[in-house]
**Student:** 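One structure coming up, written as structure tokens, with questions to follow.
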Amino acid sequence: MTALQPIRGTHDLLPLEFRKHALVIDTARKVATSYGYREMATPIMEFKDVFKRTLGDVSDIVTKEMYEIADRGDEPIVLRPEGTAGVARAVMSNGLTQSLPLKYFYEGPMFRYERPQKGRLRQLHQIGIELFGVSDPVGDVEVLSIAYDILKKLGLIQYITLEINTLGDKESRQTYRDQLVAYLKDHHAHLSPDSQLRLERNPLRILDTKDEGDKKILKEAPPLTESLNQHSREMFEKVKNGLNVLQIPFKLNPHLVRGLDYYCHTAFEFTTTELGSQGTVLAGGRYDGLVETMGGPSIAGIGWAGGIDRLAMMLKDEDLSPLPPPLAIIPMDEAFDMHGLVLAKLLQDAGYIAEMTYGGGLGKRLKKANKINARYGFILGAEEVASHSVTLKDLESGEQTLLPQKQIVDVLKGKGVL
RNA sequence: GCGGGUGUAGCUCAGUUGGUUAGAGCGCCAGUUUGUGGCACUGGAGGCCGUGGGUUCAAUUCCCAUCACUCGCCCCA
């Protein structure tokens, strides 16, 4: 039986759920396109180095969450755990650093070897936006605006809060890191075990702790804002101003720290309380140093990734537009099935959704027509076939009329059916 | 990776203080209705009670392990 289960942390997307995914993707694609962002796709597999170099050697994603694939070559290959590094790699591979700015939208599966939970899968699906070559904060604002529009169009924005913070540039970040570490070292013994570990590996993440004891210690800690240099402060001011101008509400969260190494300056998260502990639904920030760490020129970058699975989970069945009712093709006997298929094709070519009913006589097939929610049925019996006609039945009123097959498209149009 | 909970029919869930053939509702199939559906009535199929092992005369029930889901932590979208 275990062989019949999907692999842990993966899911089948049956039509109902698939439509929610599709709605998220279609909405995002439409909005991104309206901002001039172009859709692209990178391979699902990459050399391990692409992520190792960029995400930071100590991040969980690199140290323990990547699916490594056995390959015949020597270079280790992995299933991509996130999208940005691959897109940055593609920019360099294709020599696109000469044609800035670059504006991209992408969508697809990512893979992380984690313990599955609600909203946390091993195969997860993301939409994402990347903007390369714009160091001005107007880029930050634009990218945030795209995210906001998408969430709004999905009807989810009322359940979602935008939190933002700045990490400052490299210099500010380093200064602050030193200060924070110095302070926390004095309190080392009182920190939670998790945070003690983070102090070595990624001290900034301690700011985001959920431990009450840690939180108390952090209250007295030097605030990040004081370590920001002039430039970093100005950047952040402009971002906040821009959001105000566009009337995008946000909450400052000085404890917001992105996990991935490549982030600097603006960091943001769209969060919800609807999904339990997996509250982040879309997140990102600025990553000016990313391309350079991969061995390319120094190019500014900013972007975000959104969790399709999480967003889709927030959608209700009613958020989906109802499927148009199909036309049911009803041969009265298997002998007329082929005639039915021919008739169906006629309707399909005219732009209608025509669904065949299979097996059984008239009564059984009418039942099947009801089940697929058809509004009209096209009955084909010996009489109809002999006279190249068809009986059109209104499945709501029961009213039916015999008409020549040639006329059916016109008749449907006359009834206003499309 | 760490800690807690759950696992009975396609779905939602009863139940068995360890003891013959494990139930309901919905859904599915068929019949009443062999050129007329929705409603109704009648009947039927479908479960190695997640999987493997142990204890016992006897296990779906108790114990252990395992798998999956789930809640929290870690991490992240």
Side-chain angles (χ1 to χ4, degrees), chain A residues 1-11 14 24 28 55 58-65 81-84 107-129 147 160 192-195 197-198 201-202 205-206 208-211 257-260 268-272 275-284 303-314 328 330-333 336 357 359-377 379-385 391 393-400 402:
Chain A
M1 260 312 183
T2 45
L4 290 183
Q5 289 175 335
I7 292 174
R8 172 127 116 133
T10 67
H11 280 303
L14 270 13
V24 171
L55 301 183
V58 294
S59 74
D60 276 20
I61 288 186
V62 167
T63 53
K64 53 187 190 204
E65 292 183 3
E82 60 104 40
T84 303
E107 156 273 315
M110 309 292 163
F111 303 85
R112 293 181 196 172
Y113 194 91
E114 295 187 277
R115 178 141 178 192
Q117 235 175 280
K118 184 178 177 184
R120 195 173 69 179
L121 305 166
R122 286 184 172 182
Q123 177 178 336
L124 55 132
H125 302 264
Q126 293 188 328
I127 47 174
I129 282 287
I160 293 173
S192 66
D194 278 331
S195 288
L197 214 96
R198 282 188 286 224
R201 300 189 141 195
N202 192 352
R205 282 214 57 87
I206 297 178
D208 210 14
T209 185
K210 280 170 196 166
D211 185 273
V257 181
R258 309 265 52 239
L260 277 16
F268 55 86
E269 275 182 18
F270 287 83
T271 60
T272 180
L275 256 32
S277 72
Q278 265 62 51
T280 304
V281 112
L282 186 152
W304 51 253
I308 298 173
D309 311 271
R310 291 183 184 178
L311 259 5
M313 248 191 294
M314 295 178 72
I330 308 176
M332 286 193 355
D333 185 279
F336 307 120
T357 57
L362 182 55
K364 197 144 307 161
R365 295 208 195 201
L366 279 168
K367 237 175 225 181
K368 287 171 183 170
N370 285 328
K371 203 154 297 166
I372 60 175
N373 207 20
R375 176 67 214 282
Y376 294 96
I379 301 171
L380 282 167
E383 228 174 276
E384 286 85 351
V385 168
T391 298
K393 185 178 179 81
D394 183 325
L395 292 170
E396 258 172 42
S397 65
E399 180 193 340
Q400 51 188 61
L402 183 72

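All of these numbers come straight from a predicted model, not from anything done at the bench. Throughout, protein chains are lettered first and strands after them, A, B, ... in sequence-line order, and every chain is numbered starting at 1.
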**Student:** Do A/T10 and A/Q123 have side-chain atoms, one donor and one acceptor, less than 3.5 Å apart?
**Tutor:** no

**Student:** What's the CD-C1' distance between A/E114 and B/C2, to the nearest Å?
**Tutor:**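 About 14 Å, once rounded to whole Å.
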
**Student:** What is the pairing partner of B/A14, taking Watson-Crick or G-U wobble pairs with both distances under 3.5 Å in any strand?
**Tutor:**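 Per the H-bond distance test, none.
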
**Student:** With distance as the sole criterion, is a donor-acceptor pair present between the side chains of A/E269 and A/T280 under 3.5 Å?
**Tutor:**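 Yes.
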
**Student:** Can you find a donor-acceptor N/O pair under 3.5 angstrom joining the side chain of A/E384 to the base of B/G35?
**Tutor:** yes

**Student:** Flag the pair A/R310 / A/L282 as yes when at least one side-chain heavy-atom distance between them is below 4.5 Å, and no otherwise.
**Tutor:**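 A side-chain contact under 4.5 Å is absent here.
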
**Student:** In whole angstroms, how far is the P atom of B/A30 from the NZ atom of A/K368?
**Tutor:**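 To the nearest whole Å, that distance equals 7 Å.
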
**Student:** Using the P atom as the reference point in each nucleotide, state the distance between B/U12 and B/U17 in Å, no decimals.
**Tutor:** 26 Å

**Student:** For B/C29, give the paired nucleotide (Watson-Crick: N1-N3 plus N6-O4 or O6-N4; G-U: N1-O2 and O6-N3; both under 3.5 Å), or none.
**Tutor:**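 Checking every strand shown, B/C29 finds its partner in B/G43, with both distances under 3.5 Å.
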
**Student:** Record whether the side chain of A/N370 comes under 3.5 Å of the base of B/G37 through a donor-acceptor pair of N or O atoms.
**Tutor:** yes

**Student:** Picking from B/C75, B/A30, B/C2, which would you name as closest to the side chain of A/E65?
**Tutor:**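 Out of B/C75, B/A30, B/C2, the nucleotide with an atom closest to A/E65's side chain is B/C75.
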
**Student:** For B/G72 and A/Q117 - does any side-chain N or O of the residue sit under 4.0 Å from the phosphate oxygens OP1/OP2?
**Tutor:** yes

**Student:** Determine the interatomic distance between P on B/G46 and the same-named atom on B/U32; round to the nearest Å.
**Tutor:** 23 Å

**Student:** If you look at every strand shown and take non-hydrogen atoms under 4.0 Å, does A/G398 touch a base, only sugar-phosphate, or nothing?
**Tutor:**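 It contacts base atoms.
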
**Student:** Nearest heavy atom decides the nucleotide; on that basis, is A/I379 or A/R8 closer to the 5' end of RNA chain B?
**Tutor:**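 Its nucleotide being nearer the 5' end, the pick is A/I379.
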
**Student:** How would you label the contact of A/L395 with the nucleic acid (heavy atoms, under 4.0 Å): base, sugar-phosphate, or nothing?
**Tutor:** base

**Student:** Does the base of B/C69 carry an N or O that pairs as donor and acceptor with the side chain of A/R115 under 3.5 Å?
**Tutor:**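 It does not, because no donor-acceptor pair links the side chain of A/R115 to the base of B/C69 below 3.5 Å.
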
**Student:** With distance as the sole test, does A/R120 use its side chain to make a donor-acceptor pair with the main-chain N or O of A/R115 at under 3.5 Å?
**Tutor:** yes

**Student:** Mind checking if A/G119 touches a base, just sugar-phosphate, or nothing, with heavy atoms under 4.0 Å?
**Tutor:** base

**Student:** Want to settle it: does A/K210 or A/Y113 sit nearer the 5' end of RNA chain B, counting the closest nucleotide to each?
**Tutor:** A/Y113

**Student:** In whole angstrom, give the distance that lies between atom CZ of A/F268 and atom P of B/C76.
**Tutor:**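 From A/F268 CZ to B/C76 P: 16 Å.
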
**Student:** Please state how far atom NZ in A/K371 lies from atom C1' in B/C26, giving the value in whole angstrom units.
**Tutor:**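 Between C1' of B/C26 and NZ of A/K371: 13 Å.
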
**Student:** Look at the side-chain N and O atoms of A/K364 and state whether any lies under 4.0 Å from the OP1 or OP2 oxygen of B/U36.
**Tutor:** no

**Student:** What integer distance in Å separates A/L121:CG from B/A68:P?
**Tutor:** 14 Å

**Student:** Scan A/E396 against the nucleic acid and name what it touches under 4.0 Å (heavy atoms): base, sugar-phosphate only, or nothing.
**Tutor:** base

**Student:** Among the nucleotides B/G35, B/A77, B/G37, which one has an atom lying closest to any side-chain atom of A/Q126?
**Tutor:** B/A77

**Student:** Would you indicate what A/G279 reaches in the nucleic acid, counting non-hydrogen atoms under 4.0 angstrom: base, sugar-phosphate, or nothing?
**Tutor:**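 Nothing, no nucleic acid heavy atom in range.
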
**Student:** Does B/U36 pair with anything, Watson-Crick or G-U wobble, both distances under 3.5 Å, and if so, with which nucleotide?
**Tutor:**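 Looking at the geometry, B/U36 pairs with no nucleotide.
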
**Student:** Can a donor-acceptor pair be found, under 3.5 Å and without considering hydrogens, that links the side chain of A/D309 to the backbone of A/L124?
**Tutor:** no

**Student:** Can you tell me, in whole Å, how much space there is between the C1' of B/G19 and that of B/A58?
**Tutor:** 7 Å

**Student:** Write down the distance separating the C1' atoms in B/G23 and B/U66, rounded off to the nearest Å.
**Tutor:**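 Roughly 29 Å separates the two C1' atoms.
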
**Student:** Measure CZ/A/R120 against P/B/C69 and give the value in whole Å, please.
**Tutor:**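 Rounded to the whole Å, the gap is 12 Å.
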
**Student:** Report the base-pairing partner of B/A68 (Watson-Crick or G-U wobble, both distances below 3.5 angstrom), or none.
**Tutor:**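 WC or wobble partner is B/U6.
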
**Student:** Could you check how far CZ of A/F336 sits from C1' of B/G35, rounded to whole Å?
**Tutor:**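 Interatomic distance, CZ of A/F336 to C1' of B/G35: 11 Å.
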
**Student:** Taking the same atom, P, in B/A59 and in B/G15, what whole-Å distance lies between them?
**Tutor:** 23 Å

**Student:** Report the base-pairing partner of B/G1 (Watson-Crick or G-U wobble, both distances below 3.5 angstrom), or none.
**Tutor:**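 Partner of B/G1: B/C73.
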
**Student:** Please determine, for the side chain of A/Q5, which listed nucleotide (B/C67, B/G35, B/C76) has the closest atom?
**Tutor:**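 Out of B/C67, B/G35, B/C76, the nucleotide with an atom closest to A/Q5's side chain is B/C67.
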
**Student:** What does B/U56 pair with, Watson-Crick or G-U, if both distances are under 3.5 Å?
**Tutor:** none

**Student:** Judged by atom type as modelled, is there a donor-acceptor pair below 3.5 Å linking the side chain of A/S192 to the main-chain atoms of A/S195?
**Tutor:**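 It does hold such a pair.
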
**Student:** Please tell me if the side chains of A/R365 and A/M332 come closer than 4.5 Å, counting only heavy atoms from C-beta onward.
**Tutor:**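 No, too far: nothing below the 4.5 Å cut-off.
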
**Student:** Main chain of A/F336, side chain of A/D333: is a donor-acceptor contact present, judged purely on distance under 3.5 Å?
**Tutor:** no

**Student:** Heavy atoms only, 4.0 Å cut-off, all strands: where does A/A369 land among base, sugar-phosphate and nothing?
**Tutor:**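 The answer is nothing, as A/A369 stays clear of every strand by at least 4.0 Å.
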
**Student:** Using atom CZ of A/R122 as one end and atom P of B/A77 as the other, report the distance to the nearest whole Å.
**Tutor:** 18 Å

**Student:** Any donor-acceptor pair, under 3.5 Å, between the side chain of A/R205 and the base of B/C74, if you only look at N and O atoms?
**Tutor:**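 Under the 3.5 Å cut-off, the side chain and the base do not form any donor-acceptor pair.
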
